J.: 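Pasting a structure below so you can have a look.
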There are 2 protein chains.
Amino acid sequence: MDKPLETIIVDSILDAIADQRLRAGTKLGEQALSDLFACNRAQVRRALATLTAYQVVDHLPNRGAYVATPTPQDARNIFQARRAIETVTCRNAVREATDDDITALRAHLAEEDAAKGRDNRPAAVRLSRGFHVLLGRIGRNPVLARYLEELTMRSSLIIGLYASGQATLCAEDEHAQIVEAIERRDEAEAQRLLDQHLRHIESGIAFDDNPPATGALSAVLGDWRG
Amino acid sequence: MDKPLETIIVDSILDAIADQRLRAGTKLGEQALSDLFACNRAQVRRALATLTAYQVVDHLPNRGAYVATPTPQDARNIFQARRAIETVTCRNAVREATDDDITALRAHLAEEDAAKGRDNRPAAVRLSRGFHVLLGRIGRNPVLARYLEELTMRSSLIIGLYASGQATLCAEDEHAQIVEAIERRDEAEAQRLLDQHLRHIESGIAFDDNPPATGALSAVLGDWRG
DNA sequence: ATAGCACAGATTGTTAACAATCCAATATTA
DNA sequence: TAATATTGGATTGTTAACAATCTGTGCTAT
């Protein structure tokens with residue numbers, strides 16, 4: 001039961017963006033991608049259209065698809081949207097979380113911790129996003145969860161663009177504190193901590209760098225075969 | 001400077017959904033649409049892909065595209081998402097609205113009023129949605145505004161499905177009260193009124209009808225030429 | 001030397017024919 | 001008669017060739 005190839009392409013690219021292996025501004029040529037995934041151009045084309053709808057890829061007519069480069073203004077708008085959505089998502093999570101959900105959250109925290117311990121930055125960035133996405137799923141509102149996936153993906157691009165040098169992306173224990181509040185079923189506190197966490201991330205962004213600089217596609221999307 | 005045809009197709013279909021001329025469950029055949037818009041099947045195909053990404057169309061592999069049919073659970077999730085987003089959007093609007101914006105809002109109210117006076121239900125439904133979209137634009141956060149456009153579109157489908165018999169979709173003057181609160185720059189009150197307005201719409205939905213029933217595509221998408 | 005132009009290669013966009021799949025109507029069999 | 005096979009038409013999905021557009025390079029002329 002393999003997935004449709006289009007999905008594999010989309011997910012590979014999204015993963016690479018979440019990991020910050022693919023950086024803002026990278027050109028996604030159709031030929032290059034169809035070579036990489038050993039398929040024809042039409043499938044690549046549809047995958048790129050999907051990514052464009054998700055707003056993580058910019059499509060310029062007659063000149064190709066590029067990983068989106070959010071402006072500082074975009075960044076502010078995206079983080080405001082995240083606060084709006086994650087506040088509700090978090091309240092839902094407090095109300096709906098089962099014991100299994102809490103266990104999953106704790107397991108995720110452990111993974112994050114391990115990645116940071118190993119100084120594995122790409123993994124840390126990906127897992128950090130994963131925490132918010134997981135929280136969204138636990139909230140049991142797929143509409144909000146989907147928007148959150150989109151926004152966190154775009155946030156990864158922003159962090160890659162404007163906070164690449166930064167030592168710390170998320171204060172070590174903010175995620176852990178949120179999980180504790182959820183476990184205590186303390187809605188107000190969980191929401192407060194999450195809002196503060198998001199403002200903290202946003203304030204850690206330096207809006208004056210501007211280094212695109214991107215490597216070869218094949219190096220970055222190498223091992224897509226499951 | 002005509003728009004790309006794909007955009008025209010997408011907008012035509014979205015308009016027809018906003019008006020409730022196209023109802024949930026209607027099949028959108030590729031041949032039928034390319035005949036209607038006098039174009040290639042490939043362009044129709046892309047338009048349908050875009051609409052699928054917007055979640056207003058369901059695409060079933062090998063059996064075509066259908067106008068989405070939101071479930072009652074979808075409806076609850078969509079309205080929760082709207083409350084999360086429109087609360088912020090509304091706050092932004094209070095802070096950012098220029099005199100021109102207020103004028104535009106008043107003009108919109110007048111249009112709504114006129115449509116209701118003329119018992120023009122499709123226009124009333126479309127304009128009612130338009131009010132929320134306009135508010136979103138005035139909030140000056142395109143990220144939130146885009147999600148709002150998607151959610152209001154899906155709301156139109158929901159209202160068409162579950163509240164078609166209903167006499168009143170929006171209490172006559174709730175929109176007007178919101179505009180007044182914005183004009184007074186009364187953030188808290190504007191937010192309260194909007195939240196209440198949304199809960200009011202949601203509670204007016206009867207989750208037990210189930211009439212798909214759809215007319216011919218050509219009758220419904222007749223005059224797309226601007 | 002530099003600005004403008006023209007050409008060549010590469011990349012994206014379009015088209016139409018072909019293949020695979022689904023659906024409904026008809027025929028077949030217990 | 002009712003259930004199941006079969007078959008033809010219609011619809012969606014794929015492919016590869018062709019057309020349009022862009023980008024960069026080298027040439028020409030001022």
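Because the structure is predicted, anything quoted here is derived from the model rather than measured. A note on names: the letters A, B, ... follow the listed sequences, proteins ahead of strands, and every chain is numbered from 1.
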J.: Nearest-Å distance, CD (A/Gln31) to P (C/dG13)?
T.: 14 Å
J.: For B/Glu6 and C/dT15, give me the distance from atom CD to atom P, rounded to whole Å.
T.: 13 Å
J.: If you assign each of A/Pro61 and B/Arg45 to its closest nucleotide in DNA chain D, which residue comes earlier from the 5' end?
T.: B/Arg45
J.: Quick one: is B/Arg63 getting a side-chain N or O under 4.0 Å of the C/dC23 phosphate, OP1 or OP2?
T.: yes
J.: Report yes if a donor N or O on one partner sits less than 3.5 Å from an acceptor N or O on the other, where the partners are the side chain of B/Arg41 and the base of D/dG13; otherwise report no.
T.: yes
J.: For A/Asn62 and D/dT21, give me the distance from atom CG to atom C1', rounded to whole Å.
T.: 5 Å
J.: Enter the distance from A/Leu148:CG to A/Leu151:CG here, rounded to the nearest 0.5 Å.
T.: 6.5 Å
J.: Take the protein atom CD of A/Glu30 and the nucleotide atom P of D/dC22, then report the distance between them rounded to whole Å.
T.: 15 Å
J.: Mind calculating the distance between CG (A/Leu60) and P (D/dC22) to the nearest angstrom?
T.: 11 Å
J.: Hey, could you give me the NE2/OG distance between A/His108 and A/Ser128, rounded to the nearest 0.5 Å?
T.: 7.5 Å
J.: Look at the side chain of B/Lys27 and decide which nucleotide, out of D/dT11, C/dT11, C/dC22, has an atom nearest to it.
T.: D/dT11
J.: Begin from the C-alpha positions of B/Asp100 and B/Thr103 and carry the test side chain to side chain donor-acceptor pair (under 3.5 Å) through to its verdict.
T.: CA-CA 5 Å; B/Asp100 285 356; B/Thr103 306; 4.9 Å; no
J.: What is the distance from CZ of A/Arg46 to P of C/dT12, rounded to the nearest Å?
T.: 17 Å
J.: Does D/dG13 have its OP1 or OP2 closer than 4.0 Å to a side-chain nitrogen or oxygen of B/His59?
T.: yes
J.: Within the 4.5 Å heavy-atom criterion, are B/Arg23 and B/Val67 side-chain neighbours or not?
T.: no
J.: Would you indicate, yes or no, if C/dT15 has its OP1 or OP2 atom less than 4.0 angstrom from a side-chain nitrogen or oxygen of B/Asn40?
T.: yes
